[in-house]
Q: 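After the structure tokens below, expect a handful of questions from me.
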Protein chains: 2
Amino acid sequence: MTSTDTTSPQGEVALLGRPTRQQATVLQALIDREDFVSAQVLHARLISAGTRVGLTTIYRTLTALVEAGLADTMRDPEGERLFRHQPGPDHRHYLRCRTCGRSVPVDSGLVETWADRIATSSGFTQVAHTVELTGICADCTQSAPTA
Amino acid sequence: MTSTDTTSPQGEVALLGRPTRQQATVLQALIDREDFVSAQVLHARLISAGTRVGLTTIYRTLTALVEAGLADTMRDPEGERLFRHQPGPDHRHYLRCRTCGRSVPVDSGLVETWADRIATSSGFTQVAHTVELTGICADCTQSAPTA
DNA sequence: CAAGATTTGGCAATGGTTTTCATCTCAGAC
DNA sequence: GTCTGAGATGAAAACCATTGCCAAATCTTG
């Protein structure tokens with residue numbers, strides 16, 4: 001209350017061994033975003049929102065989130081890493097709009113099956129896959145028909 | 001006509017408008033590699049092989065090769081760009097060994113179909129996809145069973 | 001052989017990500 | 001409440017792949 005509100009409501013997340021305000025803030029920001037963001041953008045957002053947090057911590061936390069399975073990661077065409085909160089335990093794939101940047105999760109059951117089959121027929125083990133889909137969403141297609 | 005021919009001994013490749021020794025060297029090195037390489041590694045290889053060529057030229061040529069459809073590109077987990085010669089016109093997908101780095105092309109017909117279907121059902125247009133498969137190849141699995 | 005245009009490649013600049021390390025914070029002990 | 005040590009933070013520097021810049025080298029044509 002009157003003291004520094006360390007804001008530790010209910011289920012705190014201890015990503016690096018100890019739950020901290022910064023980690024909770026980053027996770028919350030990622031959840032609110034509901035879409036892929038770069039560490040840089042997320043940092044800028046938090047700063048301009050008045051939250052004092054270092055870029056290093058953002059990177060550390062995001063990396064920990066990915067390792068903990070709480071976030072998905074992908075790379076945009078320029079090689080920048082993007083992160084997105086992942087509610088469930090199983091990994092997802094997304095279709096991302098090249099114009100507005102929005103992304104929607106897609107059903108990837110077929111891909112999973114396909115990947116498994118490839119693994120079997122090739123003799124490879126521990127096969128992991130990354131699928132990145134990009135396109136122009138309906139809205140953006142209408143806005144610029146003659147792209 | 002040996003005169004009108006734009007200096008093409010045996011099918012020279014003119015990526016930037018004019019066929020040059022460096023461009024041919026880079027392309028040949030990429031073909032010989034038969035697998036994904038980074039620009040840096042390709043450069044190191046050529047240098048240690050006695051070929052004098054600048055890193056800048058490697059990048060320029062590789063980029064041109066990709067644009068010309070003669071090379072595939074992907075990013076390794078660290079975000080570095082990798083290039084691989086592509087004999088055919090249609091694009092391929094590869095399964096890459098995380099241990100030895102070798103990669104093999106895989107049949108991706110199902111993925112193509114899947115991607116198209118996603119595009120249709122989502123309302124997105126101009127959907128492009130990138131698929132990256134990694135695993136441990138049979139040889140490496142035997143070498144280190146308890147990985 | 002000279003003029004003009006294109007390519008090359010060393011070097012500096014860019015920019016995202018990681019490392020370093022001194023400082024700060026919190027949980028538990030006293 | 002205070003002390004204390006392990007762990008977390010973050011500003012700045014280090015990294016490193018990639019790109020931009022531009023003078024020198026090379027090829028084409030007249």
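Here is how names work: the chains are called A, B, and so on, in the same order as the sequence lines, proteins then strands, and each is numbered from 1.
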Q: Nearest-Å distance, CG (A:D76) to P (C:dG16)?
A: 10 Å
Q: Would you call A:R96 and B:F124 a side-chain contact if the rule is heavy atoms closer than 4.5 Å?
A: no
Q: Of the nucleotides D:dG7, C:dT8, D:dA17, which has the atom closest to the A:R18 side chain?
A: D:dG7
Q: Between C:dT17, C:dT8, D:dT9, which nucleotide gets closest to the side-chain atoms of A:L55?
A: C:dT17
Q: Counting only side-chain N and O atoms of B:Y59, is one of them less than 4.0 Å from OP1 or OP2 of D:dT18?
A: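 The answer is yes; a side-chain N or O of B:Y59 sits under 4.0 Å from OP1 or OP2.
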Q: May I ask you to evaluate whether B:T20 reaches the phosphate of C:dT7, defined as a side-chain N or O under 4.0 Å from OP1 or OP2?
A: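 Result: no.
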Q: Could you check which of C:dG9, C:dT17, D:dT18 has an atom nearest any side-chain atom of B:T57?
A: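 So the side chain of B:T57 is nearest to C:dG9.
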Q: Can you tell me how far CZ of B:R102 sits from SG of B:C97, rounded to the nearest 0.5 angstrom?
A: 7.5 Å
Q: Roughly, in whole Å, what's the span from CD1 in B:I58 to C1' in D:dT18?
A: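 Distance check: B:I58 CD1 to D:dT18 C1' gives 13 Å.
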Q: In whole angstrom, give the distance that lies between atom CD of B:E80 and atom P of C:dT18.
A: 14 Å
Q: Whole angstroms only, please: what is the CG-P distance between B:L82 and D:dA17?
A: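 Nearest whole value for this atom pair: 12 Å.
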Q: In this structure, how many angstroms lie between the C1' atom of D:dT18 and the CD atom of A:E78, rounded?
A: 12 Å
Q: Hey, are the side chains of A:T51 and A:R21 touching, using non-hydrogen atoms and a 4.5 Å cut-off?
A: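 Yes, close enough: below the 4.5 Å cut-off.
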Q: Would you kindly give the CZ-to-C1' distance between B:R21 and C:dT6, to the nearest whole Å?
A: 15 Å
Q: Check for me whether the distance between the ring centres of B:H129 and A:H93 falls short of 6.0 Å.
A: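 No, ring centres 6.0 Å or more apart.
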Q: I want to know whether A:Y94 and A:F36 have ring centres closer than 6.0 Å.
A: yes
Q: Starting at CZ of B:R60 and ending at P of D:dA17, how long is that distance when rounded to a whole Å?
A: 19 Å
Q: Could you tell me the separation between the OG1 atom of B:T61 and the CG atom of B:L70, rounded to the nearest 0.5 Å?
A: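 Rounded to the nearest 0.5 Å, the OG1-CG separation comes out at 12.0 Å.
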Q: Between A:A39 and A:L55, which heavy-atom pair has the shortest distance, and what is it?
A: O-CD1, 4.1 Å
Q: Per the atom types in the model, does the base of D:dA11 pair as donor or acceptor with the side chain of A:T56 at under 3.5 Å?
A: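 Indeed, a donor on one side and an acceptor on the other fall under 3.5 Å apart.
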Q: Within residues 40-54 of chain A, which residues have any heavy atom lying less than 4.0 Å from an atom of DNA chain D?
A: A:R52, A:V53, A:G54
Q: Let's see if you can work this out: which of C:dG16, D:dT18, D:dT9 has an atom nearest to the side-chain heavy atoms of A:Q22?
A: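 Closest of the options to the side chain of A:Q22: D:dT9.
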